[in-house]
Undergrad: 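Here's a structure for you.
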Amino acid sequence: MRGGQPYFIKGAGGGQFPERVKAYGGNSIRTWTTQGGEQVLAEANKNGLTVMMGLDVVRERHGFDYNDSTAVAEQLQRLRADVMKYKDDPALLFWGIGNELNLEYKNPKVWDAVQQIAQMIHEVDPNHPTSTVLAGLNQAEVDYIKARCPAVDILSINTYAGLAAIPQQVRTTGWTGPYVVAEWGPTGHWESPVTPWKASVEETSSQKAAVYKSRYEASVAKDKTQCLGTYVFLWGQKQERTPTWYGLFTEDGKESEVVDVMQYLWSGKWPKNRAPHLDSFRLDGKLATDSVYLEPNRSYTALVTVKDPNKDPLTYRWELLPESTDLKSGGDRESRPAAIPGLIPANAKNQTTLKAPAQEGAYRLFIYAYDGHDNVATANIPFYVKGK
């Protein structure tokens with residue numbers, strides 16, 4: 001309940017474009033830290049949104065030692081100051097204690113630290129529930145949290161391809177309290193098909209739109225007893241494996257078909273102007289899943305088929321990137337590879353030629369199709385250049 005009324009979270013992860021969350025029928029945003037918290041809360045208040053405020057609990061995989069009682073105590077004091085600073089803001093909905101503390105961890109003492117933080121919150125801020133955010137949902141962590149973290153009110157879960165199974169998993173693991181899906185989205189790079197040279201194959205924007213809709217409708221939309229709602233990932237753009245994998249927006253702020261789906265899931269209505277729909281994308285006649293090998297300096301045909309539901313004229317932008325080598329885990333910051341110029345004709349339309357790079361190695365060919373109304377379809381094909 002919020003303000004005495006039932007409140008189902010229709011949320012977006014990330015503070016970019018809060019006005020669009022509101023306009024499309026959403027009601028909440030999620031942060032991962034309190035950095036820039038004043039601004040996030042001010043924007044939320046301005047747009048009638050609530051905030052799941054993230055408290056940045058340091059992860060073991062980043063070198064924190066949960067056996068170091070001094071460091072744990074210092075962290076508790078730092079977070080106490082954060083809670084004191086923001087606890088009375090009218091936009092605050094609940095606290096997220098850490099993000100994916102269970103990812104690549106070994107020391108279960110982290111859950112004792114989470115309990116201390118949750119207890120501290122209940123003491124200084126009795127008005128807002130506490131939560132901790134898990135990477136996926138495993139029996140071991142549910143057992144730890146039930147046993148060691150009685151002050152955690154809500155279990156939050158990050159899940160991607162596994163979204164459809166979450167309501168059942170929550171019950172199978174024996175979690176009987178409320179839960180929130182704090183991140184969900186496309187099929188993750190760790191869940192996707194992989195080429196022989198270890199490049200994960202990304203869904204097209206249109207394939208993503210289909211899976212976001214089907215997985216959400218099959219699961220959390222139906223769970224009226226334990227699910228408090230969800231935060232879609234990512235309401236913005238980031239480089240993670242590719243510049244297009246997780247963001248619902250491109251680097252220039254254009255909206256993919258997934259944003260249309262979110263508007264429909266949140267409001268029950270589709271937007272009047274719909275994003276372009278990408279039917280197929282081939283390089284040398286092959287799909288992204290076909291393990292495309294090209295010879296250096298040879299020219300190959302690239303063909304994309306895109307339809308616009310509103311018959312808007314489409315413009316195309318092609319981009320060639322080397323395969324990213326700055327690969328992290330858990331959504332840590334990655335750097336974007338620099339584009340390789342000069343191998344695709346300028347002003348190319350939906351069919352063009354790609355001259356394969358001279359240098360042997362792994363690359364990706366990206367296509368962006370724009371409708372002139374701030375909407376875009378995106379896709380990419382990983383390929384490998386190899387001499388005979």
Side-chain angles (χ1 to χ4, degrees), residues 1-2 6-9 11 13 30 32 52-61 64-69 71-73 75-76 79-80 83 92-184 219-220 222-231 330:
M1 309 289 277
R2 178 172 166 83
Y7 190 85
F8 188 76
I9 297 164
R30 175 192 174 193
W32 288 262
M52 171 187 179
M53 182 63 82
L55 294 171
D56 189 16
V57 179
V58 189
R59 288 156 286 278
E60 188 183 321
R61 65 189 174 85
F64 195 87
D65 179 7
Y66 278 92
N67 290 324
D68 181 342
S69 55
V72 170
Q75 173 169 263
L76 181 65
L79 297 174
R80 183 190 184 95
V83 172
L92 184 66
L93 187 63
F94 68 106
W95 298 101
I97 303 168
N99 184 63
E100 302 193 347
L101 296 170
N102 62 317
L103 188 67
E104 298 166 26
Y105 86 122
K106 294 192 175 56
N107 189 350
K109 281 192 181 168
V110 66
W111 305 120
D112 300 333
V114 167
Q115 168 66 6
Q116 287 179 333
I117 296 162
Q119 272 180 309
M120 172 272 292
I121 292 170
H122 285 311
E123 284 161 20
V124 302
D125 178 17
N127 298 318
H128 298 101
T130 58
S131 181
T132 190
V133 185
L134 295 178
L137 188 62
N138 297 310
Q139 188 67 55
E141 276 76 60
V142 172
D143 290 346
Y144 277 131
I145 290 166
K146 281 167 68 173
R148 298 189 179 202
C149 307
V152 168
D153 303 308
I154 299 163
L155 189 63
S156 289
I157 305 151
N158 292 348
T159 184
Y160 287 82
L163 180 71
I166 284 293
Q168 189 53 52
Q169 263 184 311
V170 165
R171 287 154 176 82
T172 305
T173 56
W175 180 261
T176 54
Y179 73 92
V180 164
V181 177
E183 284 178 25
W184 64 281
S219 61
V220 285
K222 290 182 176 165
D223 190 354
K224 298 291 191 259
T225 49
Q226 278 178 263
C227 184
L228 302 183
T230 73
Y231 291 90

Undergrad: Evaluate the side-chain proximity of Asp223 to Arg171: yes if any heavy-atom separation is below 4.5 Å, no if none is.
TA: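 Touching, per the 4.5 Å side-chain cut-off.
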
Undergrad: Any donor-acceptor pair under 3.5 Å linking the side chain of Gln116 with the backbone of Leu76?
TA: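 Not at all, since once roles are kept as given, no pair shorter than 3.5 Å links the two residues.
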
Undergrad: Decide side-chain contact (heavy atoms from CB on, under 4.5 Å) for Arg30 and Val180; before the verdict, give the C-alpha distance in whole Å, the side-chain angles of both, and the deciding distance to 0.1 Å.
TA: CA-CA 11 Å; Arg30 175 192 174 193; Val180 164; over 6 Å; no

Undergrad: Start with the C-alpha distance between Tyr7 and Leu93, add both sets of side-chain angles, then the distance that settles side-chain contact (heavy atoms from CB on, under 4.5 Å), and finish with yes or no.
TA: CA-CA 10 Å; Tyr7 190 85; Leu93 187 63; 3.8 Å; yes

Undergrad: Does any N or O in the side chain of Asp153 come within less than 3.5 Å of the main-chain N or O of Thr130, such that one atom is a donor and the other an acceptor?
TA: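 A pair under 3.5 Å: yes.
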
Undergrad: Please walk me through it: do Leu155 and Val170 pass side-chain contact (heavy atoms from CB on, under 4.5 Å)?
TA: CA-CA 9 Å; Leu155 189 63; Val170 165; 5.8 Å; no

Undergrad: Measuring from Asn107:CG to Tyr66:OH, what's the distance to the nearest 0.5 Å?
TA: 9.5 Å

Undergrad: Please answer whether the main-chain N or O of Ala151 pairs with a side-chain N or O of Gln115 as donor and acceptor at a distance below 3.5 Å.
TA: yes

Undergrad: Considering non-hydrogen atoms only, spot the tightest contact between Val152 and Ser131 and give its length.
TA: CG1-CA, 4.1 Å

Undergrad: Check whether any side-chain heavy atom of Pro129 lies under 4.5 Å from a side-chain heavy atom of Trp95, and answer yes or no.
TA: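 They are not in side-chain contact.
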
Undergrad: What are the two closest heavy atoms between Glu141 and Leu134, and how far apart are they?
TA: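 Closest approach of Glu141 to Leu134: CB-CD1, 4.0 Å.
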
Undergrad: Can you classify the ring geometry of Tyr231 versus Phe94 as parallel (below 30°), tilted (30 to 60°) or perpendicular (above 60°)?
TA: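 If you compare the ring of Tyr231 with that of Phe94, the planes turn out tilted.
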
Undergrad: Give a yes or no on whether the backbone of Ile97 and the side-chain of Thr132 come within a donor-acceptor separation of less than 3.5 Å.
TA: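 Yes, because the side chain of Thr132 sits within donor-acceptor range (under 3.5 Å) of the backbone of Ile97.
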
Undergrad: Over all heavy atoms of both residues, which pair between Thr173 and Asp143 is shortest? Give the atoms and the distance, please.
TA: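 For Thr173 and Asp143, the tightest heavy-atom pair comes out as O-OD1, 4.4 Å.
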
Undergrad: List the steps and the verdict of side chain to side chain donor-acceptor pair (under 3.5 Å) for Asn102 and Tyr144.
TA: CA-CA 11 Å; Asn102 62 317; Tyr144 277 131; over 6 Å; no

Undergrad: Could you tell me which non-hydrogen atom of Val220 sits nearest to which non-hydrogen atom of Phe8, and how far apart they are?
TA: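 Looks like O-CZ, 4.0 Å.
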
Undergrad: At what distance, to the nearest 0.5 angstrom, does CD of Gln169 lie from CG of Leu137?
TA: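 Atom-to-atom, Gln169:CD and Leu137:CG are 5.0 Å apart.
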
Undergrad: Any chance you could lay out the side-chain contact (heavy atoms from CB on, under 4.5 Å) test for Trp184 and Ile166, step after step, and finish with the verdict?
TA: CA-CA 11 Å; Trp184 64 281; Ile166 284 293; over 6 Å; no

Undergrad: Under a 3.5 Å cutoff, is there a donor and acceptor pairing between the side chains of Trp32 and Glu183?
TA: yes

Undergrad: Work out which heavy atom in Gly98 is nearest to a heavy atom in Val57; give both atom names and the distance.
TA: N-CG2, 3.5 Å

Undergrad: Where the side chain of Asn138 meets the backbone of Ala140, is there a donor-acceptor pair that is under 3.5 Å apart?
TA: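 Judged by distance alone, no pair lies under 3.5 Å.
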
Undergrad: May I ask you to decide if Asp65's main-chain N or O and Glu60's side chain share a donor-acceptor pair within less than 3.5 Å?
TA: no

Undergrad: Using modelled atom types only, decide if a donor and an acceptor are shared between the side chain of Gln226 and the backbone of Trp175 within a distance under 3.5 Å.
TA: yes

Undergrad: So for atom NZ, which belongs to Lys106, do other residues, nucleotides or ligands contribute more than 12 heavy atoms lying within a distance under 6.0 Å?
TA: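 No, the 6.0 Å shell around NZ holds no more than 12 heavy atoms from other groups.
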
Undergrad: Report yes if some heavy atom in the side chain of Asn158 is under 4.5 Å from a heavy atom in the side chain of Asn99; otherwise report no.
TA: yes

Undergrad: Output yes when a side-chain donor or acceptor of Lys222 lies under 3.5 Å from a complementary backbone atom of Pro167, and no otherwise.
TA: no

Undergrad: With rounding to the nearest 0.5 Å, note down the distance linking SG in Cys149 to CD in Gln119.
TA: 9.5 Å

Undergrad: Would you compute the distance between atom CG of Leu55 and atom CD of Gln75 and round it to the nearest 0.5 angstrom?
TA: 9.5 Å

Undergrad: Met52 and Gly96: which non-hydrogen atoms are nearest, and at how many Å?
TA: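 Closest pair (atom of Met52, atom of Gly96, distance): CE-CA, 4.0 Å.
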
